[in-house]
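Below is one structure, written out as structure tokens; the observations come after it.
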Amino acid sequence: MAQHYRRCVSGDSTPLTLNDSLTALRGVGERTASVLARLGLRTAGDLLGHLPIRYETEAPEADVAEATVRTEAESTPVTRSIRGEILKVRMIPGHRPRFEALLEDATGTVRLVWFNSPWVAQKIHPGLRGIAQGRAANRRGYLEMVNPRWQPLDDGPEPAKEPGRLRPIYSASAEIASARIEVLAAELLPRASGAIVDLVPAPLLARRNLAPLAEAYRMVHRPNDLAEAERGRLRLAYDELLLLQLAMAMRRWQVRHTMHAPMLPISKEIDERARSRIHFTLTPAQSGVCAEIAEDLRKSTPMNRLLQGDVGSGKTAVAVYAMLAAVAHGHQAVLVAPTEILAKQHVATIEAMLAGSRVRIAEFTGSLKAADRAAVLAGLEAGTVDLAIGTHALLLEDVKFKSLAVAVVDEQHRFGVEQRAALRAKGLGAGMVPHTLVMTATPIPRTLALSFFGDLDVSSLRGLLPGRSAPATRVMPRARSEEVYAWVRTKIAKGEQAFIVVPAIDESERGLADVASHAAALETGALSGMRIGRLHGQLSTAERAEAMAQFRDGRLDALVATIMVEVGVDVPNATMMIVEHAEQFGLAQLHQLRGRVGRGGKPGACVYIADAPTEIASKRLDALARTSDGFEIAELDLSLRGPGEFFGSRQSGLPPLKVADLSRDFPLLLEAREDATQWIGATGDLADPADAPLRRRVLATYGDALGLSDIG
Ligand code: ADP
Ligand code: MG
């Protein structure tokens, strides 16, 4: 430690506040400041929070012989330092001009190579002494360093040999190197440490064995070893998770204490009437979730529940059950679908279920004619509509309800925190909000559920409905796609239908299969003579609806589509799901896609055509062929790819986590959650004046996304 500071820090040690400009640091003038600003670094606090992206082991200074032996022996790349005298230099012109220098010490020579660095030639010449520092490799019997750092030694007394250490590597830019940021951070740390306010009380830190905050920043920026860097990271990750969990706990507390919903006790009679409306007998899993919902609806605390279940797991019936509870009590219910086509499908299904009942259903979508729209709006406001089914258009401001008691949001890929907020605003006013049920076909791993949906209660529908079987799944290399389509052809000849999903809309995108050219290729090739439709997001709503209707009615044999379009619609006769470039899709998406086939009694089959570029990619695809449990797949996807890729804060509408890594920080997350719950429980909404700074930070970070700011 100490010696780094000696090397990096000069005289100025005046303390800094976290809001001070980085120009207060030595050697940072206007130009450097603007370069730093382009990395988002303006203040001392910014730089403090600019954490190293990794660390590099820097070996102690060694002579050439020793460095050669060690480089041969060690497999991980290590930065080496060698001092000596330049023996000779040469410039090698060409396509990639390079400058080479031989550095010699008493034990041998090392070759230094610089590419595209013409300035080096001006600085380095035979006879010069200095220290070269960089990744070393043995190449053609020679020890070689590529683009090493060069520190000339002048004629004065030779500095002592540097011991080894760990170097932080920062995300940098062409204009400023990581090494420069390292020096700035080293100067900043001691000067700013007094300004770092630790909002977590010492007893809590002791209980969780976490480092104090200022020390944690020192550990991540200037670690003595990797264990220390990790200890520092853990503390910062804990803070991040604690903040998030405090926000969640505040939200739960706020819902409990400031919001109410109409009490909707489900009597035996209501229960029986609702069940008799649903054509089939609810499975034990569905009944279980209905019971959980009934328990929520009984209370005046608003239900805030997430229902997760694979495509085809029977979520709609559960939604209908909840909505009928509202109607039975003389209130209204709403069902919001992610797309217009899915909304229309819900209307058809639910109208069929409720035919002959007194429930007045209205469809509300963007394609409604102005007069119809006005009529529905009036009906909702007057209370002559009991059940509104539509798209997010239902969440627009001009939609007013007489007495909205249950709101169901059916989502495929994302969960809108904003939607939930918008729905709450449609309640009866004066703190009265509807009970909400968010349904998703994307199972959420537990870590993510706790992190991003911690204010929700979660119900799960696992397992298949009676009479269903999971589609047979295969992964095939591209080279065998001819075989796949030959098989598709024979099945189509028997009257079955195929979805064919491609990753792109037009071929400009990275040479992947696109809807237009893939459909055309199939029409003239493997599926010639068959009726092939096209479906993608650039078509108008009417065109999409038309393609979907043609496919559903059997006027098309195959539908070539992009993923985001309405493959969510039920087409009982579709038995085949072919996914081109499957490696381009997320596991959860791939799993959802195969859920679209085999829904009409005939078994479904799914083929993922993929040339998996990496081992991870091929592991992911193999997992899909192995299991049909969406929950298992979600956990696996998280562990293989991490939350950023899989499903993260983006879908939840919350700002991303920067330090915490949910695939490995699960224990820390549980601790943070426990601590946050206790904390909020003790002070209620962080109301203790001592918690004011913490409360401000929670609100600044999550207030908007979680609708917390409105409580002052
Ligand atoms: P999800 O919305 O979860 O994807 P759905 O609610 O659309 O699934 O249900 C899929 C299909 O299964 C629908 O055709 C529905 O009528 C049927 N279904 C749902 N529950 C049952 C049940 N308990 N018994 C038989 N069929 C059911
Ligand atoms: Mg559904």
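Positions are given from 1 along the sequence. For ligands, and for the atoms within them, numbers begin at 1 and follow the listed sequence. Computed over heavy atoms, backbone and side chain alike; hydrogens, waters and symmetry mates excluded. Quick caveat, the model's predicted, so the values are computed rather than measured.
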Next on the checklist: side chain to side chain contact (heavy atoms under 4.5 Å, CB included), that's the test. Do H591 and D310 meet it? Break it down for me.
Outcome noted: CA-CA 9 Å; H591 177 63; D310 274 351; 2.8 Å; yes
Checklist entry - With side chains defined as the heavy atoms from C-beta onward, is the minimum distance between R373 and D398 less than 4.5 Å? => result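 Side chain of R373 against side chain of D398, heavy atoms only: contact under 4.5 Å found.
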Checklist entry - Looking at side-chain heavy atoms only, is the closest gap between D271 and Y321 below 4.5 Å? => result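 Yes, at least one pair of side-chain atoms sits under 4.5 Å.
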Checklist entry - Quick one: do R275 and E272 make a salt bridge, cutoff under 4.0 Å? => result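 So R275 does not pair with E272 through a salt bridge.
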Next on the checklist: For the backbone of Q538 and the side chain of H536, can you confirm whether one donor and one acceptor N or O come within less than 3.5 Å of each other?
Outcome noted: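 Yes: the side chain of H536 pairs with the backbone of Q538.
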Item to check | Side-chain (S460) to main-chain (R462) donor-acceptor, under 3.5 angstrom | outcome: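 Not a single qualifying donor-acceptor pair exists.
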Checklist entry - Does atom CZ of R489 have more than 12 heavy-atom neighbours, drawn from other residues, nucleotides or ligands, at distances under 6.0 Å? => result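 Yes.
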Checklist entry - Out of L387, L380, T384, which residue meets the side-chain contact (heavy atoms from CB on, under 4.5 Å) rule with Q332? => result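 Exactly one candidate clears the test, L380.
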Next on the checklist: Show me which atoms of ligand 1 lie under 4.0 Å from any heavy atom of T283.
Outcome noted: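 Reading through ligand 1 atom by atom, the close ones are 23 (N).
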Item to check | Per-atom contacts of ligand 1 with T281, taking only distances under 4.0 Å to non-hydrogen atoms | outcome: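 Near T281, the atoms of ligand 1 are 22 (C), 23 (N), 24 (N).
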Among all protein heavy atoms, pick the one closest to [atom] and tell me residue, atom and distance.
| atom | result |
| --- | --- |
| atom 20 (N) of ligand 1 | Q286 NE2, 3.0 Å |
| atom 11 (C) of ligand 1 | R468 NH2, 3.5 Å |
| atom 5 (P) of ligand 1 | T316 OG1, 3.5 Å |
| atom 4 (O) of ligand 1 | G312 N, 2.6 Å |
| atom 16 (O) of ligand 1 | F280 CE2, 3.2 Å |
| atom 10 (C) of ligand 1 | R599 NH2, 3.0 Å |
| atom 3 (O) of ligand 1 | K315 NZ, 2.7 Å |
| atom 18 (N) of ligand 1 | L465 CD1, 3.5 Å |

Item to check | Heavy-atom nearest option to atom 9 (O) of ligand 1, drawn from A352, A441, G309, G314 | outcome: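 The option holding the nearest heavy atom is G314.
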Checklist entry - Taking heavy atoms and a distance under 4.0 Å, where does H279 meet ligand 1: side chain, backbone, both or neither? => result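 No part of H279 is near ligand 1 at this cut-off.
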Checklist entry - What part of D310, side chain from CB on, backbone N/CA/C/O, both or neither, has a heavy atom under 4.0 Å from ligand 1? => result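 The answer is the backbone.
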Next on the checklist: Considering both backbone and side-chain atoms of A317, is one of its nitrogen or oxygen atoms within less than 3.5 Å of a nitrogen or oxygen in ligand 1?
Outcome noted: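 No; the residue has no nitrogen or oxygen that sits under 3.5 Å from a nitrogen or oxygen of the ligand.
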Checklist entry - Can you name the residues that form a side chain to side chain donor-acceptor pair (under 3.5 Å) with N573, not counting sequence neighbours? => result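 Partners of N573 under the side chain to side chain donor-acceptor pair (under 3.5 Å) test: Q497, K602.
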Checklist entry - For D410, is the nearest heavy atom under 4.0 Å from an atom of ligand 1? => result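 No, D410 has no heavy atom closer than 4.0 Å to ligand 1.
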Item to check | Exercise: do S459 and E292 side chains pair donor with acceptor under 3.5 Å | outcome: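 Side-chain D/A pair, S459 to E292: present.
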